Amino acid sequence: VAVVGTTYVQTQTFEAAAWWSGVGIGALSCAVLVTNNLRDIPTDTVAGKKTLAVRLGDARTRAFYVALVVLAALAVVAVAATTRWVVLLALLFLVRYVPAIRTVLTGATGPALIPVLGATGIGQLWWAALVVVTLNACRPSASLVVLAGSLPHLLVLVLRRVHSVRHTVRERLALACEQEPGADPR
């Protein structure tokens, strides 16, 4: 809705490329939520929460994650079909998802899914940046304006990821130190 609404406000038209862009970025937003819910299936089940992941079960939730990434890739193809072929280069976003999909499909649980959350968020950023750049490939100044307007948002995402990684490393070090008697907790 946000993508199509923003496009309409700026162009006074409903564009197929905007609809497909909304589908792609929306699918990846859902993939972030699915990853989080996949990680929480055991505790949500015990607590009696009936999340979609609990209802689907572990295996189908993992398949759902992959399906959302595939849907985002199909959305890139649809945007290319309705605009210009160069947008197909945005499929390079899939490179960022290979390790995440591998982790999800190999049955990782709990804290082992935390890197998947980060990779999915960064992959979503790749998707958006690559689609914007390829859509504006023939108008480089427009791409730069869009990317420059996105820089504060991108910076916040990167800083959050760095903070998350530092926090995770500290937690793991603290756990490792607790297991070793007399170890220095720093």
Side-chain angles (χ1 to χ4, degrees), residues 1-6 19-76 78 93-131 150 152-186:
V1 173
V3 174
V4 175
T6 300
W19 286 98
W20 285 112
S21 294
V23 167
I25 205 71
L28 296 177
S29 294
C30 288
V32 171
L33 299 173
V34 167
T35 305
N36 195 47
N37 286 334
L38 174 62
R39 185 184 60 159
D40 295 340
I41 287 176
T43 56
D44 286 351
T45 302
V46 171
K49 292 182 183 177
K50 297 292 183 189
T51 64
L52 180 61
V54 169
R55 291 175 190 265
L56 288 175
D58 188 79
R60 285 186 288 204
T61 300
R62 292 174 189 281
F64 185 40
Y65 175 84
V66 175
L68 289 167
V69 175
V70 169
L71 179 59
L74 292 174
V76 168
F93 88 95
L94 289 168
V95 169
R96 191 68 183 109
Y97 280 92
V98 170
I101 289 172
R102 187 178 300 124
T103 301
V104 167
L105 292 179
T106 56
T109 59
L113 288 168
I114 292 173
V116 175
L117 280 169
T120 303
I122 298 297
Q124 183 180 19
L125 182 62
W126 277 36
W127 189 98
L130 287 167
V131 168
S150 301
H153 180 65
L154 298 176
L155 182 60
V156 168
L157 286 174
V158 168
L159 290 175
R160 283 184 182 163
R161 179 66 183 141
V162 167
H163 175 73
S164 173
V165 168
R166 285 180 53 212
H167 182 71
T168 302
V169 168
R170 283 185 184 155
E171 284 180 345
R172 290 184 181 167
L173 285 173
L175 286 173
C177 290
E178 287 175 9
Q179 294 170 358
E180 296 178 27
D184 184 4
R186 285 184 273 156

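Keep in mind that what you see is a predicted model, and the values were worked out from it rather than measured.
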Could you list the residues that satisfy salt bridge (charged side-chain N to carboxylate O under 4.0 Å, His left out) with Arg39, not counting sequence neighbours? none
Less than 4.5 Å apart, side chain to side chain, heavy atoms only: is that true for Val23 and Leu71? yes
Could you walk me through whether Trp127 and Val76 satisfy the side chain to side chain contact (heavy atoms under 4.5 Å, CB included) test, starting with their C-alpha distance in whole Å, then the side-chain angles of each, then the deciding distance to 0.1 Å, before giving a yes or no? CA-CA 9 Å; Trp127 189 98; Val76 168; 3.1 Å; yes
List in chain and number order the residues that pass side-chain contact (heavy atoms from CB on, under 4.5 Å) with Asp40, two or more places apart in sequence or in another chain; answer none if no residue qualifies. Asn36, Thr43, Asp44
Are Val34 and Leu68 close enough that some pair of their side-chain heavy atoms sits under 4.5 Å apart? yes
Derivation and outcome, side chain to side chain contact (heavy atoms under 4.5 Å, CB included), residues Val66 and Arg62: CA-CA 7 Å; Val66 175; Arg62 292 174 189 281; over 6 Å; no
Of all the heavy-atom pairs spanning Phe64 and Leu56, show the shortest one and how long it is. CD2-CD1, 4.2 Å
Only distances under 3.5 Å count here; give the side-chain donor-acceptor pairs of residues 99-123 to other protein atoms, sequence neighbours excluded, each with its distance to 0.1 Å.
from: Thr103; atom 1: OG1; to: Pro99; atom 2: O; distance (Å): 2.9
from: Thr106; atom 1: OG1; to: Arg102; atom 2: O; distance (Å): 3.0
from: Thr106; atom 1: OG1; to: Thr103; atom 2: O; distance (Å): 3.1
from: Thr120; atom 1: OG1; to: Tyr65; atom 2: OH; distance (Å): 2.7
from: Thr120; atom 1: OG1; to: Val116; atom 2: O; distance (Å): 2.7

Nearest heavy-atom approach of Trp20 to Ala75 is O-CB, 3.4 Å
Of the non-hydrogen atoms in Gln124 and Tyr97, which two are nearest, and what is the gap between them? N-OH, 3.2 Å
Rounded to the nearest 0.5 Å, how far does CG of Leu28 lie from CG of Leu33? 11.5 Å
Which pair of heavy atoms, one from Leu38 and one from Pro42, lies closest together, and at what distance? O-CD, 4.3 Å
Which pair of non-hydrogen atoms, one from Arg55 and one from Arg60, has the smallest distance, and what is that distance? O-NH2, 4.3 Å
